[in-house]
Amino acid sequence: MNVKELYEEQKELAKQAILVDSFDKMELIGGVDCAYFEDNVISGAVVIDYNTFELVDKAYDVLKVDFPYIPGLLAYREAVPMMAAVKKLKIRPDILMVDGFGTNHPRRCGIATYIGIKLDIPAMGVGKSYMYGKVEEDEIYQDGEKVCQLLYSRKSKRPVYISPGHRISLSTSVDIARHFMDGGRIPLPVKLADEYVADIKQKILKTVHT
DNA sequence: GCGACAG
DNA sequence: ATCTTGTCGC
């Protein structure tokens, strides 16, 4: 498939995105992220208890990189690995927090939306840098529609970009992100997933000298 | 043609 | 994302 066809697929998936809360509970929140070494992708998923902030489950996978990084097409590089890690979890999270964007995307199909639809699971995006759209104050608009909220932690000067992916609204996504913003810049689920894959990476490099 | 667009 | 030392600040 060429870039043009992938663009079309994203537009089709975007049409299927449900941007209103569509779940009956949010007790377990998942976090997913990726790390790299040579031509491998390490994907990791964690599950955090919304009320106690405890880590209740985690799983990872290591796969060969099979797609380059192309702005706007990150999902085609990291979605399969991330979904593989999520499928290995023993405990299913009620909502998934993905490192990246959701509907705040050139074709309204960031990796959070992509994964949410593919796995039919509520998903939201947590981006670390500007992606797309008209910035007004601390929110971002596309076609006059609010698609992203900037969140600033007490410390950091740089915000985190929150956007809904699938089966969840922007406001609820922001509520959840705020709930897990204890101190640091990155919401807990994503932060733990990030530390998790970084840890797995170190263990692998330490074991397999190459 | 130019610019911009996560990780 | 990743390659990398020291260094400024709470």
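All chains are named by letter (A, B, ...) in the order of the sequence lines, taking the proteins before the strands, and each is independently numbered beginning at 1.
In terms of heavy-atom proximity, A:Phe37 sits nearest to A:Val62 at CE2-CG1, 4.3 Å. When all heavy atoms of A:Ala84 and A:Asp61 are compared, the closest pair comes out as CB-OD2, 3.4 Å. The two atoms that bring A:Phe101 and A:Cys148 nearest to each other are CE2-SG, 4.5 Å, heavy atoms only. The two residues A:Ala123 and A:Ile168 make their nearest non-hydrogen contact at O-CG2, 3.4 Å.
The aromatic rings of A:Tyr76 and A:Phe67 lie tilted to each other, with the angle between the two planes from 30° to 60°.
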Working for ring pair (Phe, Tyr, Trp, His ring centres under 6.0 Å), residues A:His105 and A:Tyr114
CA-CA 11 Å; A:His105 175 278; A:Tyr114 187 97; over 10 Å; no

Scoring nucleotides 1-6 of chain C by protein non-hydrogen atoms under 4.0 Å (B base, S sugar-phosphate only, - none) yields SS----

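Distance, A:Gln10 CD to B:dA6 P: 13 Å, rounded to whole Å. Between A:Met82 atom CE and B:dG7 atom P there is a gap of 10 Å when expressed in whole angstrom units. Separating the CZ atom of A:Arg107 from the P atom of B:dA4 is a distance of 17 Å, rounded to the nearest angstrom. Counting to the nearest Å, the C1' atom of B:dG7 and the CD1 atom of A:Ile70 are 13 Å from each other. To the nearest angstrom, P of B:dA6 lies 11 Å from OH of A:Tyr7. The OH atom of A:Tyr130 sits 12 Å away from the C1' atom of B:dG3 (whole-angstrom rounding). In this structure, the CD1 atom of A:Ile111 is 19 Å from the P atom of B:dC5, given to the nearest Å. Summarising the geometry, the separation between CG on A:Leu63 and C1' on B:dG7 is reported as 16 Å, rounded to the nearest angstrom.
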Per-residue pairing states of DNA chain C in dot-bracket (Watson-Crick or G-U under 3.5 Å; . unpaired, | other strand) read ..........

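Here the CG atom belonging to A:Leu73 is positioned 11.5 Å from the CE atom belonging to A:Met1, to the nearest 0.5 angstrom.
Non-hydrogen atoms lying under 4.0 Å from DNA chain B are contributed by nothing in residues 137-150 of chain A.
A cation-pi arrangement is not found for A:Arg167 relative to A:Phe23, the charged atom failing to lie both closer than 6.0 Å to the ring centre and inside a 45° cone about the ring normal.
In this structure, a donor-acceptor pair under 3.5 Å is present between the side chains of A:Glu139 and A:Tyr141.
Side chain of A:Arg185 to backbone of A:Pro159: a donor-acceptor contact under 3.5 angstrom is found.
The side-chain heavy atoms of A:Val46 and A:Asp57, taken from C-beta on, include no pair separated by under 4.5 Å.
Using a 4.0 Å heavy-atom criterion, one finds that A:Tyr161 contacts no nucleic acid atom at all. The residue A:Ile42 sits apart from the nucleic acid: no heavy atom pair falls under 4.0 Å.
B:dG7 has its base stacked against the ring of A:Tyr69, the centroids being under 5.5 angstrom apart at an interplanar angle below 30°.
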